[in-house]
Number of protein chains: 2
Amino acid sequence: MCSSTQNMCSNTYCFVKISTVLYICENEKKYTIKDIAALAGVSKGTVDRVLHKRGKVSEEALAKVNRILEDIDYKPNVIARNLKNNKDYHIGVLLPNPDIDNYWKRCKEGILSASQVFMPFNVNVTIVTYDPRSTVSFKKKHQVLLKQNPDAVLLAPLFYKEAKKAISDYKKLNIPVLTFNNQVSPEIADGFVGQDLIQSGRVAAKLLHSMIKTGDITIIHINEDITNALHMQQKEKGFTTYFKELNTSLFKITTLQIEAKKLQTALPEYLNSHPNTKGLFITTSKSYLVAQTLETANFSDISLIGYDLLDLNIDYLKSEIITFLINQNPKQQTYLGITKLAEHLIYQNEIKKKTLLPIDIINSENFSLYIQ
Amino acid sequence: MCSSTQNMCSNTYCFVKISTVLYICENEKKYTIKDIAALAGVSKGTVDRVLHKRGKVSEEALAKVNRILEDIDYKPNVIARNLKNNKDYHIGVLLPNPDIDNYWKRCKEGILSASQVFMPFNVNVTIVTYDPRSTVSFKKKHQVLLKQNPDAVLLAPLFYKEAKKAISDYKKLNIPVLTFNNQVSPEIADGFVGQDLIQSGRVAAKLLHSMIKTGDITIIHINEDITNALHMQQKEKGFTTYFKELNTSLFKITTLQIEAKKLQTALPEYLNSHPNTKGLFITTSKSYLVAQTLETANFSDISLIGYDLLDLNIDYLKSEIITFLINQNPKQQTYLGITKLAEHLIYQNEIKKKTLLPIDIINSENFSLYIQ
DNA sequence: TTGAAAGCGCTAACAC
DNA sequence: GTGTTAGCGCTTTCAA
C-alpha cells in the first residue's frame, strides 16, 4: 500500500520517499490469470492462449484480454510457471580439458556450481572436454555434443575457424550458443561472457607504470601451442596502446615470443643482453614459468605481471617474484554463462550479447579472497 | 540415467567421468512427498508433519518416514514450496542516509537490486535511513523500523553501543539481524557481510610497498565525525602490521589524524616538514580531499591510496593523483545481505556467520568495470 | 473457438 | 495421530 505525495511507480514496485525514510512497497494487487479471466469475462484457458500466442482466440477476446494485460502490467508468477514444467532442459558445455591445462579447472567448478543452482528447475548440464592443443579434438568433441542434441550450448571458442563452424552448426538447429573466455568475431554466437582482453592489457600496463618510472619493459608470449594466439595479441595491443598514449620516451616496450621449453635458456640470455629491463608482462597463465626462470637465474628487481590464480602463480606471488596477477575470473565466466543459458531456457530471458566481467588486480595480500 | 564404472554420486546429481567426456546427469528419480508417503505406507499429511517437525506423529510412523527420507536423500521442491506461500515477507534495512554521505548510495543500489530479485517471492524491503553523524538519529530510526515489525533486518552498525542495543532489541523479538559494512563484536548479530578490514589495510600496504622502495609513509585518518573510528583503526592495524613484518628500516610509518576542514592547511605543512614522504594511505572514502590538497599545493611524486569508487575519487584516479583505490564493494555487500536474509525467510537457509567479500584493487584502467 | 478440469509438489485446515 | 482434501498459479488436455 503506497500513499504519498511523490509516488514514482515502476514495474510492480513503487519507491516512495518521505523525509529520510525510504519505503519500498509492493503494489496493492498481484493479478493472476484467474483475475484476468474474470475481468475479461473469459476463461483461464483463453487468457493462457493469449499469453502464449497460441492462436485459436477470437479477435474480440484477444483484444479484450490484451487490453487488460496492458492495463495491469501483468507479470506471470515464475514460480507457478515452472512447477508444471516437466521438461528436462539440457545444457551442453564444450570445455578444454582441465587435466591438460590446469587453467580450465576453475571453469569446470563454475559450471558445476551453477548447475547445482538450476537442479530444481530440471536443468541438466553435460560437459564435453576437448584437448586445447588440438583442433581435431575440438571438432570431434563438438560432434559428440551435437549428437546429444542439447537445448543450449556454452563453449570456449579457442580455435577461430573451427569454433565458427561449430556455432553455425548449432544455430542451424536453432540451439542458442554462448561463448566464454574469448570472443569469436562478434555477432556469430548469441552472446559472450568474459573479459575485455584489450583493456586487461591496459590494466597490466598501468600497473607496471605505477611501479616503474623509467626503463625497458618486455611483453612475453609463451607459445606452447597456437591456442591463445588471439588472446595474446589483444592483451599486447592494450598494453602497447597504453604506453603509446603516454607519449614519452621513458619506456621501451619490446615483444618476445618464447616457447615454454626454451624459456630457461632463452630468457636469461635475453635479460643479460637487455640489462635495463625493469618489467615483464606475461600474456598467458604460465607466468610461473618465467618466475621460475628469474628465480633460478637470480634476477631480481624485475617486476613481473601475469595472469590467473593458478597455485603455482600464487606461490610466486607470495614469494614476491610475481608482483601482480590479473584474475580472468574463469569460474565466474562459466557460472554466469550457465546461469544465463538456464534462465533463457526457463524464463525465456533474452541472452545479452556481451557481458564483461571485472578485471581483478591481485597481489599477495588479496588473492585468498578470490579463490575462496 | 547414470551408468558407468566410477559413479560418484553426491546430492541428487551424479558426476560420471568417461574418458575425456564428463557427464553430469540427474539421478533416475526425483522423489516427492507422494512417493515417500507410498513407500512408508502413510499419507502425505504425515510425511509433511515429519518434514516440518510438527509433532502429532506416532513413533513408528516417524521412524519409518525418517528412514526413507535419509535413504533417498529427499530434497523438497523449492518451487512448489513457495507456490503455496501467501506470506508476505518484510525485510527492514537501517541505512546511513546516502544524501548525507555519498558512500551509501551504492549500498542503496544493492538493496534495490536484490529486492527486485525476490519480488516474485513476496519479499518486501523497507529502507529506513539515518544520519551517519548522529547516534540520536540512529536510535530514532531504529525505533521506526522496530515498529514496522520486520521479519528480518539488515543494518550498518556504525555506532558500537547503539548498534548492540538495537540488535538485541530485534533478537528479543526473534527477528534475525545481519550486519554489513563493519562488524560489531562477534556473535551478536546472526551474521555479517563485508570485508576483512585488517586485511584491506595489508593490501594497501603491499600496494605502496610495490611502488616505493624506501621512504616515509603516512597513514591519514580524516575525522569528520566519530563514525568510522573502528573502521580506521582496523585498517591502520593491518597496514602497520604488514610493514612490521617486513622487518626493515627502509620505511618509516607515521599516523596522522586530520579534520577535513583543516586538511588544506595542515597537510601541506606536514608534508613540507616531512619531505621524504613517498606514500599516503587514506583510511576513509574521503581520499579525494587529500588529492585535492596535493594538487592545489602542487605536491607530486607522492603515491596515494584510498578507498571507494566515489565519483570524485575516480576523477583523481584518472588524473593520476590517486594511484589505487580499494573497493569495499558496498553494492555487493547489501545485495548479498538482502539475498541471504530473503533466502533465510523463503527457504529457511541458515545465515552464515561471516561472509567476506574480495578486496578489489582499482586503478585508472579497471575502475569502469566495477561500477558497471 | 472456448471452457472445464486435472494436475505439477507442497501446505494446512479439517475431519475422523 | 492420521488421512483426506482443497487450494497456490499456471499449463495442458479434452470435450463441447
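Since we're looking at a predicted model, the values are computed, not measured. Here is the naming used below: chain letters follow the sequence lines, and residue numbers restart at 1 for every chain.
- In this structure, CD1 of A:I346 is placed 14 Å from P of D:dT11, rounded to the nearest angstrom.
- Annotation: salt bridge (charged side-chain N to carboxylate O under 4.0 Å, His left out) contacts of B:K171 (sequence neighbours excluded): B:D190.
- Take A:Y170 and apply the ring-ring contact (aromatic ring centres under 6.0 Å, His included) test, not counting sequence neighbours, and it matches A:H142.
- Taking the salt bridge (charged side-chain N to carboxylate O under 4.0 Å, His left out) definition, one finds that A:K165 meets it with A:D169, sequence neighbours left out.
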N/O donor-acceptor pairs under 3.5 Å from side chains in residues 64-72 of chain B, not counting sequence neighbours:
residue: B:K64; atom: NZ; partner: B:A40; partner atom: O; Å: 3.4
residue: B:R67; atom: NH1; partner: B:D71; partner atom: OD1; Å: 2.8
residue: B:R67; atom: NH1; partner: B:D71; partner atom: OD2; Å: 3.0

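- Applying the side-chain hydrogen bond (donor to acceptor under 3.5 Å, both in side chains) criterion to B:T339, with sequence neighbours excluded, gives no partner residue.
- Residue pairs that meet the salt bridge (Lys or Arg N to Asp or Glu O under 4.0 Å) test with at least one member in residues 36-52 of chain A, sequence neighbours left out, are A:D48-A:R54.
- Put simply, CG on A:D48 is 14 Å from C1' on C:dC8, counting in whole angstrom units.
- Residue B:K34 contributes atom NZ, which lies 11 Å from atom P of C:dC10 at whole-angstrom precision.
- A search for side-chain hydrogen bond (donor to acceptor under 3.5 Å, both in side chains) contacts involving A:K34 returns nothing, not counting sequence neighbours.
- One end of the helix from C:dT1-D:dA16 to C:dC16-D:dG1 points its axis 50° away from the other end's axis, with each axis taken from 5 pairs and the angle rounded to 10°.
- The shortest distance between the side-chain N/O atoms of B:Y74 and the OP1/OP2 oxygens of C:dC10 is below 4.0 Å.
- The separation between B:L51 atom CG and C:dC10 atom P is 8 Å, rounded to whole Å.
- For the pair B:S115 (side chain) and B:L112 (backbone), a donor-acceptor distance under 3.5 Å is present.
- Within 4.0 Å of B:N77, counting heavy atoms only, lie sugar-phosphate atoms of the nucleic acid but no base atom.
- To the nearest angstrom, P of C:dC8 lies 17 Å from OH of B:Y31.
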Protein-nucleic acid N or O pairs under 3.5 Å, nucleotides 2-6 of chain D:
residue: D:dT2; atom: OP1; partner: B:S58; partner atom: OG; Å: 2.5
residue: D:dT2; atom: OP2; partner: B:S58; partner atom: N; Å: 2.4
residue: D:dT2; atom: OP2; partner: B:S58; partner atom: OG; Å: 3.2
residue: D:dG3; atom: OP2; partner: B:S43; partner atom: N; Å: 2.9
residue: D:dG3; atom: OP2; partner: B:S43; partner atom: OG; Å: 3.2
residue: D:dG3; atom: OP2; partner: B:T46; partner atom: OG1; Å: 2.7
residue: D:dG3; atom: N7; partner: B:R49; partner atom: NH2; Å: 2.9
residue: D:dG3; atom: O6; partner: B:R49; partner atom: NH2; Å: 2.6

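- Residue B:I33 contributes atom CD1, which lies 14 Å from atom C1' of C:dG7 at whole-angstrom precision.
- In terms of modelled atom types and a separation under 3.5 Å, the side chain of B:K353 and the main chain of B:A189 share a donor-acceptor contact.
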